Chemist: 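Input: one structure, supplied below.
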Amino acid sequence: MRKLSAGFSLIPMTALALFMMLSAGPATAQTTQGTAANPPAAGSEKPHDDLAGKLVRRVIQRAPSSIPGREIVQVETEIPPGVESGWHVHPGEEVGFIVAGKVEMQVEGRPTVILNAGDGFLIPPRTPHNARDLGPETGRMLSTYIVEQGQPIATFVHQHAGK
């Protein structure tokens, strides 16, 4: 497995696809942000997720984890060219994969990296990070979170020390 920098690994697409097929059974998709023509489903995001108002995100599946007090949530995120997520944290690990586009990933305490379609990334719990799509196409990423139950998947960090 190739290393991009400290903590970043390229995850082979076949291994990730196999993991996704074997985890948590059939997918039930929920849109966490809609458009004026296609509003989000009522109650589709519990509790509130700070990123839901900034990016187009779709919950693919959500299930209890074998780890007590944790749940596994899988989300597809679209980031339009030039848009960034904003510095935020998650209440658990994020295991991600760039499906399309070119994304600049900043993680507190690590060098900034450029991720392309096919690249994977790992973000430790409660570690501030920011993703920005470099274009020209819309960036799409698939993230699997192993997070504390009852907590928002993402919370903005308003005072980021690394910026």
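Nothing here was measured: the structure is a model prediction, and the numbers come from that model.
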Chemist: Using the rule given for side-chain contact (heavy atoms from CB on, under 4.5 Å), can you reason through Glu94 versus Thr144, listing the C-alpha separation, both sets of side-chain angles and the distance that settles it, and then say yes or no?
Modeler: CA-CA 6 Å; Glu94 177 181 4; Thr144 302; over 6 Å; no
Chemist: Should Arg140 and Thr77 count as side-chain neighbours, where that means a heavy-atom distance under 4.5 Å?
Modeler: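 Heavy-atom side-chain distance check fails, nothing below 4.5 Å.
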Chemist: Mind listing the closest non-hydrogen atom pair of Ala131 and Ile79 along with its distance?
Modeler: CB-CD1, 4.1 Å
Chemist: What heavy-atom pair brings Ile72 and Ser65 nearest, and what distance separates the two atoms?
Modeler: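 Nearest pair, atom of Ile72 first, then Ser65: CG1-CB, 3.9 Å.
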Chemist: Go through the steps to decide whether Val59 and Gln61 satisfy the test side-chain contact (heavy atoms from CB on, under 4.5 Å), and finish with yes or no.
Modeler: CA-CA 6 Å; Val59 175; Gln61 57 187 338; 6.0 Å; no
Chemist: My understanding is that only residues two or more places apart in sequence, or in another chain, count here; which of them pass side-chain contact (heavy atoms from CB on, under 4.5 Å) with Pro124?
Modeler: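 If we apply the side-chain contact (heavy atoms from CB on, under 4.5 Å) test to Pro124, skipping adjacent residues, the hits are Arg110, Thr127.
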Chemist: Tell me the closest heavy-atom pair linking Pro136 and Pro81, and the distance in Å.
Modeler: O-CG, 3.3 Å
Chemist: Mind checking what makes side-chain contact (heavy atoms from CB on, under 4.5 Å) contact with Val147, not counting sequence neighbours?
Modeler: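 In terms of side-chain contact (heavy atoms from CB on, under 4.5 Å), with neighbours along the sequence ignored, Val147 is linked to Glu71, Val73, Pro91, Tyr145, Ile153.
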Chemist: Using side-chain heavy atoms (C-beta onward) and a distance below 4.5 Å, is Ile60 in contact with Arg58?
Modeler: yes
Chemist: Let me confirm one number: the CD1-CD1 distance from Ile146 to Ile67, rounded to the nearest 0.5 Å.
Modeler: 5.5 Å
Chemist: Looking at side-chain heavy atoms only, is the closest gap between Pro64 and Gln149 below 4.5 Å?
Modeler: yes
Chemist: What pair of heavy atoms forms the shortest contact from Met105 to Leu115, and how long is it?
Modeler: CB-CD1, 3.9 Å
Chemist: Is there a donor-acceptor pair under 3.5 Å between the side chain of Asn130 and the backbone N or O of Gln106?
Modeler: no
Chemist: Not counting sequence neighbours, list each pair that qualifies as a salt bridge (Lys or Arg N to Asp or Glu O under 4.0 Å) and has a residue in residues 123-138.
Modeler: Glu104-Arg132, Arg126-Glu148
Chemist: So, taking the atom named NE2 in His90 and the one named OG in Ser143, what distance separates them when rounded to the nearest 0.5 Å?
Modeler: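 Going from NE2 on His90 over to OG on Ser143, the span is 6.5 Å.
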Chemist: Return the CG to CE distance between Leu55 and Met141, rounded to the nearest 0.5 Å.
Modeler: 8.0 Å
Chemist: Are Asp119 and Phe97 close enough, and set up right, to give a side-chain contact (heavy atoms from CB on, under 4.5 Å), and what steps lead you there?
Modeler: CA-CA 6 Å; Asp119 291 343; Phe97 179 79; over 6 Å; no
Chemist: Compare all side-chain heavy atoms of Leu134 with those of Ile114 and state whether any distance is below 4.5 angstrom.
Modeler: yes
Chemist: Between Ile98 and Phe121, does a side-chain contact (heavy atoms from CB on, under 4.5 Å) hold up when you go through it step by step?
Modeler: CA-CA 8 Å; Ile98 305 300; Phe121 59 93; 3.8 Å; yes
Chemist: Anything under 30° is parallel, anything over 60° is perpendicular, the rest tilted; go ahead and classify His88 against Phe156.
Modeler: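 Answer is perpendicular, since the angle exceeds 60°.
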